[in-house]
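When a ligand or atom number is given, it counts from 1 through the structure's own listing order. All values derive from a computational prediction rather than experimental measurement.
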Amino acid sequence: MALYTGFVVFSVLAGLATGANCPNYSSYSMQAHAPLSNGSYRLGYMRPDPACRTFNLSDVESTIVSMASSIFDPDLYRLFLNAFPNTLDTAIRWKGVAADNADEELTFVITGDIDAMWLRDSANQMQSYRSLLKASSDGNSLASLYRGVINLQARYLLESPYCNSFQPPVESGISPATNGAAADDTVTPPYNTAQVFECKYELDSLAAFLEVSADYFQATGDTGFFGRFKWLDALQAVLDTAMVMKTPTYSPNGTVLDSPYKFTRMTTRSTETLANDGLGSPVAGNTGLIRSAFRPSDDSTLLQLFIPANMMFSHYLEQTAKIVDALKSKARSGLGTQMHTFAADVRSAILRHGVVADPNAISRYGSRSVYAYEVDGFGSSIIMDDANIPSLLSAPFFGFTTVNDPIYRSTRAAILSGGSNSQGAAQYNTNPYYMHGPVISAVGGPHQGPGMAWPMASIVRIMTTDDDNEIVGQLKSIISSTDGLGLIHESISTFNQSKWTRQWFSWANGLFGQMILDLNIRKPKLLQRSYQP
Ligand SMILES: *[C@@H]1O[C@H](CO)[C@@H](O)[C@H](O)[C@H]1NC(C)=O
Ligand SMILES: *[C@@H]1O[C@H](CO)[C@@H](O)[C@H](O)[C@H]1NC(C)=O
Ligand SMILES: *[C@@H]1O[C@H](CO)[C@@H](O)[C@H](O)[C@H]1NC(C)=O
Ligand SMILES: *[C@@H]1O[C@H](CO)[C@@H](O)[C@H](O)[C@H]1NC(C)=O
Ligand SMILES: *[C@@H]1O[C@H](CO)[C@@H](O)[C@H](O)[C@H]1NC(C)=O
C-alpha cells in the first residue's frame with residue numbers, strides 16, 4: 001500500500017492533525033526518541049506527546065498499562081507500547097459528521113506516511129482494536145470510530161467502487177492530496193481526483209468493507225446501524241462490482257468482451273500497469289472466481305484470478321450475510337440468500353480452480369496440493385506468496401480456513417520454504433518471494449522487491465501457528481530488526497536492518513499489537529520470557 005518512490009517512501013503531505021507545535025510524524029518516526037528501552041536493542045519511545053495524539057481511548061491506555069506486567073522483556077514491551085496505539089496516536093486525520101445528516105459519523109483514517117485513506121488499510125487499522133470494541137453511542141468511543149470508517153467507506157464505494165484509496169471527505173476541509181504517480185493514469189471507469197487518490201481495482205478492497213462491517217456487527221450486535229445510512233446501497237455496489245468482475249476475456253464465440261475495468265499508467269515498473277493495454281492477462285469464463293486487477297500490495301496481478309482475495313471475499317461475504325439476515329425486512333428480499341450462495345460459489349470455485357500441485361514437492365512427497373496464489377482458469381497458475389494481507393499464509397487469520405486444513409498446511413510449507421528448517425536441514429525453494437538472511441527471514445514481495453523481507457509476514461506467521469519455537473523465533477527477529485526505532489517497518493533488507501521502507505506504516509504497527517494481545521490469550525508464557533540476544 002505504498003507508492004514506490006525509492007527505498008524510503010516519503011509522505012505526500014502528512015503531519016499530525018492536531019496542535020500547531022506537533023512534529024511531523026513522517027520525520028519524527030525516522031529517529032529514536034528518549035527514553036530508550038532498557039533492553040539491549042535500546043528502542044526509542046515513539047508515541048507522540050499526548051497533546052499531539054489524534055484520538056484518545058482510555059481502554060487502549062489501560063491495555064498498555066496492564067500489558068506492562070504481562071510482558072517481561074523490556075524491548076518487546078517497548079515495541080508493543082509504540083506500535084499498538086499507532087493508528088490512534090497518528091492516523092485519525094479527521095472525525096466528524098456528514099454535511100447532510102448530523103447522525104452519520106465519518107472517520108478519515110490515513111495509512112500513515114501517505115495522506116489518503118485506503119479501504120484495506122483502514123479496515124485493518126480498525127481491526128487492531130477489535131478486541132476492545134463494544135457497543136456504545138458515545139461519539140468518543142471506539143464504536144463511533146468504527147461507524148465513521150464504515151460510513152465513509154460506504155460513501156467511497158458508492159462514488160467509485162473500483163478504486164482502492166481515497167481523499168478526505170469535503171466536510172473535513174482538508175485539501176485533497178496530489179498523487180503524482182497517478183496523474184497520467186488511464187482508467188475505465190473514470191473517476192474524480194477530488195474524491196479518489198488512486199484507482200486500482202483490488203478485490204480485497206471490496207472485501208475490506210465487508211470485514212470492517214462484520215467486525216463491528218459481531219462485537220456490538222448493533223444491527224440498527226446498518227439500516228440507517230448508506231450501508232445497504234454500498235453493499236449492493238460491492239456485490240454488483242464483484243459480480244461483473246467475473247466477466248471473462250472471451251465470449252464463447254471468441255469475441256473479446258469489454259472489460260468492466262481497465263488501467264494503464266506511464267511507469268517503468270511492470271507491476272504498476274496492466275498487460276494487454278489495460279485488460280490484464282486473459283481470464284477464462286465460468287470459473288466462479290472474481291477477477292482482481294491488483295494485489296493488496298497495489299502491484300498488478302500476473303493472473304487475475306487472485307486466490308487470497310477470493311478467499312477473503314468469500315469468508316466476509318458469508319459473515320456480512322448475517323447482518324443482512326438480522327436486518328430482516330429492512331434489506332431487499334432475497335439479498336441474504338443471494339450473498340450466502342455467492343459466498344459458497346466462490347469457496348467451491350477456489351477448491352476447483354485454485355488448488356494445484358506443488359512441482360517441487362513431487363519428488364519428496366509424491367503429488368502435494370497447494371493453494372495457488374493466482375490462476376487464469378485456462379490452466380496456468382502462479383505459486384508464490386506475498387506478505388500483504390490477504391495472502392495465502394494469512395488464510396486462517398482472516399477466517400477462510402483453519403491451520404489444520406491439509407491443503408493450507410502444505411501451502412504453508414511451500415510458502416515458508418527457502419533456507420533451512422528449524423533443524424537446520426536444507427529445504428527446497430517453492431516461494432520465489434521468501435527472503436532470508438541474518439537480519440530477518442520472512443515473506444516479501446515484488447512491491448519492494450527481492451532481498452526485502454516484510455515483518456508483517458512474520459506477524460502473520462505467529463498468528464497462524466501453535467508452535468512455541470516458531471513463535472519465539474519470529475518474535476526475536478521482529479524485535480531485533482527495527483533499526484532501533486521500535487516501530488514496524490514495511491520491509492527490511494535481510495542483510496542490513498538500516499535499509500528499510502516506510503517509517504510510518506500504521507496498519508503494520510496495529511497488527512503487531514493485535515498479535516501480542518492474541519498471544520496474551522493463547523500463549524501468555526511466551527510473553528513472560530526474555531527476547532534478549
Ligand atoms: C513531513 O516530513 C516528510 C519527511 O521528512 C516531508 O516529506 C513532508 O513534506 C513533511 N510534511 C509536512 C507537512 O511538513
Ligand atoms: C530502566 O532502568 C532504570 C534503572 O533500573 C529504571 O530507573 C528505569 O525506569 C527503566 N526504564 C524503563 C523504560 O523501563
Ligand atoms: C488526547 O488527550 C490529550 C491529553 O492527555 C489532549 O491534549 C489531546 O488534545 C487529546 N486528543 C484528542 C484528539 O482529543
Ligand atoms: C458472440 O457472442 C457475443 C456474446 O455472447 C454476442 O454479443 C456477439 O454478437 C457474438 N458475435 C458473433 C460475431 O457471433
Ligand atoms: C545499510 O543501509 C544503510 C541505509 O541504506 C546504509 O547507509 C549503510 O551503508 C548500509 N550498510 C552496509 C554495511 O551496507
Would you verify that at least one protein heavy atom lies under 4.0 Å from [atom], or report that none does?
atom	answer
atom 14 (O) of ligand 4	yes
atom 7 (O) of ligand 5	no
atom 11 (N) of ligand 5	yes

With no hydrogens and no angle check, do the side chains of S292 and Q304 hold a donor and an acceptor under 3.5 Å apart?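 Their side chains do not contain a donor-acceptor pair, so the 3.5 Å distance test is not met.
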Using distance alone, with no hydrogens and no angle criterion, decide if R78 and Y45 have a side-chain donor and acceptor under 3.5 Å apart.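 No, no side-chain donor-acceptor pair sits under 3.5 Å.
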Closest non-hydrogen atom pair between M435 and G445, with its separation: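 Between these two residues, the closest heavy atoms are CE-N, 4.1 Å.
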Can you list the atoms of ligand 4 that are under 4.0 Å from a heavy atom of T255?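 The list of qualifying atoms is 1 (C), 11 (N).
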Where ligand 5 meets K499 - atom numbers and elements under 4.0 angstrom, heavy-atom basis: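 Answer for ligand 5: 2 (O).
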Those atoms of ligand 5 less than 4.0 Å from some heavy atom in N496: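 Answer for ligand 5: 1 (C), 2 (O), 3 (C), 8 (C), 10 (C), 11 (N), 12 (C), 14 (O).
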Looking only at protein heavy atoms, which one is nearest to [atom], and how far off is it?
atom	value
atom 5 (O) of ligand 4	S251 CB, 4.1 Å
atom 4 (C) of ligand 5	S498 O, 3.4 Å
atom 2 (O) of ligand 4	N253 ND2, 2.4 Å

Quick check, are the ring centers of Y261 and Y162 under 6.0 angstrom apart?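 Between Y261 and Y162, the centre distance is under 6.0 Å.
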Between [X] and [Y], how do the two ring planes meet: parallel, tilted or perpendicular, split at 30° and 60°?
X	Y	answer
W507	F505	perpendicular
F313	F342	perpendicular
W500	H489	parallel

Ligand-residue contact atoms, ligand 3 with T54, heavy atoms, under 4.0 Å: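 Numbered from 1, ligand 3 contributes 13 (C).
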